[in-house]
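See below for the structure under consideration.
These values consider heavy atoms only, across backbone and side chains, with no hydrogens, waters or symmetry-generated copies. Note on naming: letters A, B, ... go to the chains in the order of the sequence lines (proteins, then strands), and numbering restarts at 1 for each one.
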2 protein chains.
Amino acid sequence: MSQAGISRPVDEQVGYVLKKAATVLRAAMDNALRPLDLTVSQYACLELLRQQPGLSGSELARAMFVSRQSMNLVLKGLERRGLLIRSPVPPHGKALPTRLAPAGLERLAAANEAVSVVEKKMLAGLTPEAERRLCADLTACVEALGDDLPADVSD
Amino acid sequence: MSQAGISRPVDEQVGYVLKKAATVLRAAMDNALRPLDLTVSQYACLELLRQQPGLSGSELARAMFVSRQSMNLVLKGLERRGLLIRSPVPPHGKALPTRLAPAGLERLAAANEAVSVVEKKMLAGLTPEAERRLCADLTACVEALGDDLPADVSD
DNA sequence: TCGTACATGTCAACACGCTGACATGATGCA
DNA sequence: TGCATCATGTCAGCGTGTTGACATGTACGA
């Protein structure tokens with residue numbers, strides 16, 4: 001209690017650098033996606049649906065680390081713009097399977113182009129080996145913090 | 001335009017893993033700081049002021065990647081609670097130098113204890129060597145994305 | 001000296017995400 | 001069968017952060 005702990009400058013603390021990297025990347029992606037009239041959340045939602053068609057709102061929310069309510073807003077917006085299609089009637093429980101509309105797939109293709117540019121720029125200074133290592137180390141951090149707990153962000 | 005680009009699952013994309021790590025870390029820090037009645041933003045603000053006393057609101061905002069306006073709200077809250085002190089009159093331009101109050105330093109010491117636990121847990125699976133490498137790689141990513149641009153988040 | 005540019009603090013309005021709460025449909029068990 | 005439990009979708013309210021705008025104080029150059 002005598003001294004206030006860590007004296008290392010924030011620039012060398014993993015947490016700080018991690019936040020900075022996430023912030024800068026998000027800003028860069030926002031800029032890249034703005035001409036396509038897509039936010040990062042909307043883009044991520046479309047890409048997830050391309051890889052895993054038929055996901056429900058709750059499943060998408062978990063995959064994107066946001067609440068069901070937030071995801072619901074994203075889905076409503078994308079549906080209203082004709083970029084995706086939700087079953088009007090739940091085939092099983094209350095879950096509404098969601099799929100990309102043709103317009104959504106088209107928009108996503110352009111978005112992936114733009115995002116790819118940003119990603120390449122970000123990783124320009126890293127070897128493929130370093131890139132894999134970075135992913136692995138970050139994943140190790142996530143699991144060390146108890147990845148098992150966050151079944152959902154809210155709830 | 002024929003195929004929608006990246007087919008790699010999102011779990012292996014740096015951007016996705018980066019966001020996940022940042023989200024999980026923030027959640028863990030929020031939990032750790034809640035008993036102390038501090039948010040992550042408030043904690044970061046106090047820690048920055050400990051390392052660099054006398055910073056103005058705008059300087060703090062830049063260091064924390066938020067807008068001046070957001071930082072202003074954080075500072076008002078901390079000042080009202082007696083955790084920091086702002087010069088009532090600007091000594092030079094309009095910038096108001098800010099310093100930790102004794103109560104703030106005390107609270108910060110406890111907060112650093114709590115945050116240190118979370119950080120240790122997160123880095124448990126990494127060697128010190130890997131930790132440094134992780135920081136370096138993330139910093140490289142930030143700089144590759146054009147670290148020079150974001151003078152301020154807003155503006 | 002004047003005026004332009006720039007940085008800072010502050011107010012207002014808006015967007016996004018979260019928590020809390022509720023209703024509904026499915027599942028499992030007594 | 002009846003009931004408890006769980007997951008999902010949805011509504012309302014709140015907090016946080018952002019953009020836009022404005023006033024003020026400083027520094028620089030004609």
Side-chain angles (χ1 to χ4, degrees), chain A residues 19-20 22-24 26-31 33-34 37-45 54-80 84 86-98 150-155, chain B residues 19-20 22-24 26-31 33-34 37-45 54-81 84-98 150-155:
Chain A
K19 174 174 179 177
K20 184 168 188 174
T23 302
V24 171
R26 178 162 190 116
M29 286 182 64
D30 267 323
N31 286 333
L33 291 171
R34 189 166 301 122
D37 202 35
L38 286 177
T39 65
V40 173
S41 295
Q42 290 168 339
Y43 159 73
C45 183
L55 286 183
S56 70
S58 288
E59 289 169 326
L60 283 166
R62 279 191 290 268
M64 284 177 52
F65 327 116
V66 298
S67 64
R68 295 190 308 253
Q69 296 87 331
S70 297
M71 180 51 62
N72 210 342
L73 291 180
V74 173
L75 290 176
K76 277 185 180 174
L78 290 173
E79 184 180 25
R80 184 174 41 78
L84 56 79
R86 308 184 77 182
S87 288
V89 47
H92 187 46
K94 288 189 65 180
L96 299 173
T98 309
D152 200 310
V153 172
S154 62
D155 297 278
Chain B
K19 174 174 179 179
K20 183 167 188 173
T23 301
V24 172
R26 179 164 187 113
M29 286 182 67
D30 266 323
N31 286 333
L33 291 172
R34 189 165 303 122
D37 202 36
L38 285 177
T39 66
V40 173
S41 296
Q42 291 168 339
Y43 160 72
C45 183
L55 286 182
S56 72
S58 288
E59 290 169 325
L60 283 167
R62 278 191 293 269
M64 283 178 52
F65 327 115
V66 297
S67 64
R68 294 187 307 241
Q69 296 87 331
S70 296
M71 180 51 63
N72 210 341
L73 291 180
V74 174
L75 291 176
K76 277 184 179 175
L78 291 174
E79 185 181 24
R80 182 174 42 77
R81 287 161 63 184
L84 56 78
I85 303 170
R86 309 184 75 180
S87 287
V89 48
H92 188 43
K94 286 190 68 181
L96 299 173
T98 308
D152 202 309
V153 172
S154 61
D155 300 279

Problem set entry | Selection from dG17(D), dG9(D), dG17(C) that lies nearest to any side-chain heavy atom of Arg26(B) | dG17(D)
Exercise. Between dT16(D) atom P and Leu38(B) atom CG, what is the distance in whole Å?
Worked result: 12 Å
Exercise. Rounded to the nearest Å, what distance is computed from the CG atom of residue Leu55(A) to the C1' atom of nucleotide dA7(D)?
Worked result: 15 Å
Exercise. OP1, OP2 of dG9(D) versus side-chain N and O of Ser58(A): anything below 4.0 Å?
Worked result: yes
Problem set entry | Whole angstrom value for the distance that separates P of dG13(D) from CD of Gln69(A) | 15 Å
For this session: Using a cut-off of strictly less than 4.0 Å, decide whether Lys76(A) has a side-chain nitrogen or oxygen near OP1 or OP2 of dC11(D).
Result: yes
Exercise. Rounded to whole angstroms, how far apart are CD on Gln42(A) and C1' on dC16(C)?
Worked result: 11 Å
Problem set entry | Phosphate-side-chain proximity, Ser70(A) and dC18(C), N/O vs OP1/OP2 below 4.0 Å | yes
For this session: Could you tell me whether Leu73(B) contacts a base, only the sugar-phosphate backbone, or nothing, with contacts defined as non-hydrogen atoms closer than 4.0 Å?
Result: nothing
Problem set entry | Distance, rounded to the nearest Å, where Glu59(B) contributes CD and dG9(C) contributes P | 8 Å
Exercise. Within the structure, does a side-chain N or O atom of His92(A) lie under 4.0 Å from either OP1 or OP2 of dT8(D)?
Worked result: no
Exercise. For DNA chain C, whose closest nucleotide is more 5', that of Arg86(B) or that of Met71(A)?
Worked result: Arg86(B)
Seminar exercise, completed: Closest non-hydrogen atoms of Leu84(B) and Leu78(B), given as atom of the first, atom of the second and distance, are CD2-CB, 3.5 Å
Exercise. Taking for each residue the nucleotide of DNA chain C with the nearest heavy atom, is it Ser41(A) or Pro91(A) whose nucleotide lies nearer the 5' end?
Worked result: Ser41(A)
Problem set entry | Interatomic distance, Asn72(B) CG vs dG17(D) C1' [rounded to whole Å] | 13 Å
For this session: Mind checking side chain to side chain donor-acceptor pair (under 3.5 Å) for Ser41(B) and listing every partner two or more places apart, or none if nothing turns up?
Result: none
For this session: Take atom CZ of Arg34(A) and atom P of dA15(C), then tell me their distance rounded to the nearest Å.
Result: 15 Å
Exercise. Is the shortest side-chain N/O distance from Arg62(B) to OP1 or OP2 of dT8(C) below 4.0 Å?
Worked result: yes
Problem set entry | Euclidean distance, atom CZ of residue Phe65(B) to atom C1' of dT18(D) [Å, nearest integer] | 17 Å
Seminar exercise, completed: Quick note, Lys94(B) side chain, CB onward, closest among dG25(C), dA27(D), dG9(C) is dG9(C)
For this session: Could you please name the option among dT16(D), dT10(C), dG17(D) that lies closest to any side-chain atom of Thr39(B)?
Result: dT16(D)
For this session: Would you mind reporting whether Met71(B) and Arg68(B) have side-chain heavy atoms less than 4.5 Å apart?
Result: no
For this session: Just jot down the side-chain contact (heavy atoms from CB on, under 4.5 Å) partners of Ala44(B), sequence neighbours excluded, or say none.
Result: Met64(B)
Problem set entry | Arg34(A) and Asn31(A), any side-chain heavy atoms less than 4.5 Å apart | yes
Exercise. Within less than 4.0 Å of OP1 or OP2 of dG17(C), is there a side-chain N or O belonging to Ser67(A)?
Worked result: no
Exercise. Going by heavy atoms in the side chains, are Gln42(B) and Arg81(B) under 4.5 Å from each other?
Worked result: yes
Problem set entry | Closest listed nucleotide, where the reference is the side chain of Arg68(B) and the choices are dG17(C), dG17(D), dA21(D) | dA21(D)
